[in-house]
Amino acid sequence: MRRILVVGASAAGLAAAETLRREGYDGTLTLVGEEAHLPYDRPPLSKQILSGEWSPERLPLRARADLDALDLDLRLGHVATGLDLAGRAVLLADGARLPYDGLIVATGVRPRRLPGEGDAHVLRTLDDALALRDRLGSGRRLVVVGAGFLGAEAAAVARGLGAEVTLLEPAPVPLAHAVGEQVGRVLSGAHLDHGVDLRTGVGVAEVSDTGVRLTDGELVAADEVLVAIGSLPNTEWLEGSGLKVADGLVCDEYSAAAPGVYGAGDVARWHNPLFGTSMRIEHRTNAAEQGMAAARNLLRPDARKPFAPVPYFWSDQYDMKVQAFGHLRGHDEVAVVEGELAARRFVVAYRTGDRLVGALAIGMPPKAIRGWRQAVATGMSWHEAVDAPPPSGAHARRT
């Protein structure tokens, strides 16, 4: 294998490239990225960059000298438009045809849009974050459509900058589908306490130049609108290639989509054998871990290992630190295992079937949840988890 191509130059793609070199690959290594920026970290966009706490210079994942040391054929500012699977080549928008012996797809996601968005903001790239940051400040009216983690983080930052914030969410309880109603209500309470006009159970018809029109006809006036209603995997360029696409690039337990083709990061839907289900994870930690795993499996096909992580994510909202391990969606039960919901200092555990599948902490030190990660990784039964919780956990109180 003398030519490896990585399409996508964010956390997953860069981790794959670095791992290939670290594992001894010395052939041609091409890294293609749609943005002109050097690979940079995305989680700070809705936090430190939007608040102005950080300058953009702090975002790059690696210094230019470190990238140069990888001896990459670095193609930034280039968009992949097609894949010739039989001919083993990727087509770029500028007409270039890049041959490969091995391919890692790490093209990430893009924001979902609304009808008639006009000048509405989204928040996925550095340029997006800077554009919104320049329009926020004391007295400015911001409407955020979508109270998921991204929308909630942006709302919290905007309030900290003195903006008047309205947060619109179609569900009765924000994030209930992901973390449960009890935790969703805790997070909602923090927004209300900080003066956010949180409106749940409302639908958005369109975004106009003067604000957001709800499905009942009401116009919510705004100086700026942020649309944060989720993401779509960037798989259009794979259409007609023969690869299976279904809410992401479909991969097996090794992150393989086809012989010599692997997926990594937000774009990849793979079978996680630890939980026995297909999942697509849009979290920073997973992107790096899957990029490394895909690179190793591509390089050593005879010694492949299943990619079976315990997913991890975090969120910062006001003075709250949210940390979670596991696969929380679709859970059957939630139990408080340490602390109190009302105090916004607690750990909760999640059950699916008869198994512990995850844990989430708010306002707690990292050690409070570390033991739960290991418990999820070892497949601890729910009975064991609630009757003999990991170190630092108290006896569970079911909710």
What orientation do His194 and Tyr318 show, parallel under 30°, tilted 30 to 60°, or perpendicular over 60°?
parallel

With distance as the sole test, does Asn297 use its side chain to make a donor-acceptor pair with the main-chain N or O of Tyr254 at under 3.5 Å?
yes

Report yes or no: do Leu341 and Met364 belong to one cluster of Ile/Leu/Val/Met/Phe/Trp/Tyr joined by side chain heavy-atom distances under 4.5 Å?
yes

With distance as the sole criterion, is a donor-acceptor pair present between the side chains of Gln317 and Ser315 under 3.5 Å?
yes

Assess whether a salt bridge exists between Arg280 and Glu282, defined as any Lys/Arg side-chain N lying under 4.0 Å from an Asp/Glu carboxylate O.
yes

Lys/Arg N to Asp/Glu carboxylate O, Glu384 vs Arg355, below 4.0 Å:
no

Charged N-O contact under 4.0 Å between Asp302 and Arg304
no

So CG of Leu76 and NE2 of His37: to nearest 0.5 Å the spacing works out to 10.0 Å

Assess whether atom CG of Asp127 is packed by more than 12 heavy atoms of other residues, nucleotides or ligands within 6.0 Å.
yes

Going by an N to O cut-off under 4.0 Å, is there a salt bridge joining Asp84 and Arg88?
no

Going through the checks in order, is the salt bridge (Lys or Arg N to Asp or Glu O under 4.0 Å) test met by Asp66 and Arg64?
CA-CA 5 Å; Asp66 294 328; Arg64 182 73 205 211; over 6 Å; no

Aromatic contact between Trp372 and Phe325, with the criterion being ring centroids under 6.0 Å apart: yes or no?
no

Sequence neighbours excluded and cut-off under 3.5 Å, please list the side-chain donor-acceptor pairs for residues 8-17, or say none.
| unit_1 | atom_1 | unit_2 | atom_2 | d |
| --- | --- | --- | --- | --- |
| Ser10 | OG | Arg42 | NE | 3.3 |

Audit row: Ser55, Arg58, side chain to side chain donor-acceptor pair (under 3.5 Å) steps and yes/no:
CA-CA 6 Å; Ser55 68; Arg58 292 188 62 174; over 6 Å; no

For Met320 versus Ile362, what's the shortest heavy-atom pair and its separation?
SD-CG2, 4.1 Å

Any donor-acceptor N/O pair, Tyr25 side chain to Ile4 backbone, under 3.5 Å
yes

Are Trp237 and Tyr262 connected into the same hydrophobic cluster when the rule is that any two of I, L, V, M, F, W, Y join if their side-chain heavy atoms are below 4.5 Å apart?
no

Are any of the side-chain nitrogens in Glu164 or Arg159 under 4.0 Å away from the carboxylate oxygens of its partner?
no

In residues 136-148, what donor-acceptor pairs under 3.5 Å come from side-chain atoms, sequence neighbours left out?
| unit_1 | atom_1 | unit_2 | atom_2 | d |
| --- | --- | --- | --- | --- |
| Arg140 | NE | Arg135 | O | 3.1 |
| Arg140 | NH2 | Glu224 | OE2 | 2.7 |
| Arg141 | NE | Asp223 | OD2 | 3.3 |
| Arg141 | NH2 | Asp223 | OD1 | 3.1 |

What's the shortest heavy-atom distance between Val357 and Phe275, and which atoms?
O-CE2, 3.6 Å

Same cluster or not: Val250 versus Phe307, using hydrophobic residues (I, L, V, M, F, W, Y) connected whenever any side-chain heavy atoms lie under 4.5 Å apart?
no

Would you please test Arg345 and Glu338 for salt bridge (Lys or Arg N to Asp or Glu O under 4.0 Å) and show each step?
CA-CA 8 Å; Arg345 287 181 56 83; Glu338 187 172 351; over 6 Å; no

Could you tell me if the side chain of Tyr100 sits less than 4.5 Å from the side chain of Val6, heavy atoms only?
no

Ile229 to Arg112 - nearest heavy-atom pair and separation
O-CD, 3.3 Å

A side-chain contact here means heavy atoms from C-beta on lying under 4.5 Å apart; do Trp270 and Met279 qualify?
yes

Without swapping roles, check the side chain of Asp73 against the backbone of Leu31 for a donor-acceptor pair under 3.5 Å.
no

Could you check if a side-chain atom of Thr200 sits within less than 4.5 angstrom of a side-chain atom of Pro174, using non-hydrogen atoms only?
yes

Would you compute the distance between atom OG1 of Thr277 and atom NE2 of His271 and round it to the nearest 0.5 angstrom?
7.5 Å

Give a yes or no on whether the backbone of Leu91 and the side-chain of Thr81 come within a donor-acceptor separation of less than 3.5 Å.
yes

Just by distance, do the side chain of Asn234 and the backbone of Val109 share a donor-acceptor pair under 3.5 Å?
yes

May I ask you to say whether Asp128 pairs ionically with Arg133, meaning some side-chain N is under 4.0 Å from a carboxylate O?
no

Does one hydrophobic cluster hold both Leu167 and Leu150, with members joined at side-chain heavy-atom distances below 4.5 Å?
yes

Do the non-hydrogen side-chain atoms of Val32 and Thr30 ever get within less than 4.5 Å of each other?
yes

Kindly say whether Asp247 contributes a backbone atom to a donor-acceptor pair with the side chain of Arg269 at under 3.5 angstrom?
yes

Run the side chain to side chain donor-acceptor pair (under 3.5 Å) check on Asp354 and His383 step by step: do they pass?
CA-CA 8 Å; Asp354 61 357; His383 175 77; over 6 Å; no

Check each of Val337, Ile369, Val336 against Val348 using the side-chain contact (heavy atoms from CB on, under 4.5 Å) test, and report the only one that passes.
Val336

Please report the closest heavy-atom contact between Ala129 and Ile49, naming both atoms and the distance.
CB-CG2, 3.8 Å

Is there side-chain contact between Pro366 and Gln323, with heavy atoms separated by less than 4.5 Å?
yes

Salt bridge Arg300-Glu23, side-chain N to carboxylate O under 4.0 Å:
yes

Nearest atoms (heavy-atom pairs only) where Ile104 meets Ala264:
CG2-CB, 4.3 Å

When rounded to the nearest 0.5 angstrom, what distance separates CZ in Arg296 from OG1 in Thr19?
5.5 Å

Non-hydrogen atoms of Leu238 and Leu249 that approach each other most closely
CD1-CD1, 4.0 Å

Counting only heavy atoms not in Asp216, do more than 12 sit closer than 6.0 Å to its CG atom?
yes

Contact between Arg284 and Asp41 at the side-chain level, heavy atoms closer than 4.5 Å - yes or no?
yes

Parallel under 30°, tilted from 30 to 60°, perpendicular over 60°: which one fits the rings of His331 and Tyr350?
perpendicular

Are Leu328 and Leu360 close enough that some pair of their side-chain heavy atoms sits under 4.5 Å apart?
yes

Report yes if some heavy atom in the side chain of Leu50 is under 4.5 Å from a heavy atom in the side chain of Leu132; otherwise report no.
yes

Donor-acceptor pair, distance only, cut-off 3.5 Å: does the side chain of Arg21 make one with the backbone of Leu70?
yes

Calculate, to the nearest 0.5 Å, the distance between atoms CD and CD belonging to Gln48 and Glu53 respectively.
5.5 Å

Within this structure, what is the OG-CG distance for the pair Ser188 and Leu175, rounded to the nearest 0.5 Å?
7.5 Å

In this structure, would Val183 and Phe313 fall into the same cluster of hydrophobic residues linked by side-chain contacts under 4.5 Å?
yes

Under 3.5 Å donor-acceptor, Glu340 side chain and Ala342 backbone
no

Test: Arg2 and Asp101 ion pair at under 4.0 Å
no

Between Glu35, Glu236, Glu34, which is the residue that forms a salt bridge (charged side-chain N to carboxylate O under 4.0 Å, His left out) with Arg110?
Glu236

With sequence neighbours excluded, give me every salt bridge (charged side-chain N to carboxylate O under 4.0 Å, His left out) pair touching residues 185-198.
Glu181-Arg185, Asp193-Arg344, Asp197-Arg199

Quick one: does Tyr40's side chain have a donor or acceptor within less than 3.5 Å of a partner on Leu126's backbone?
yes

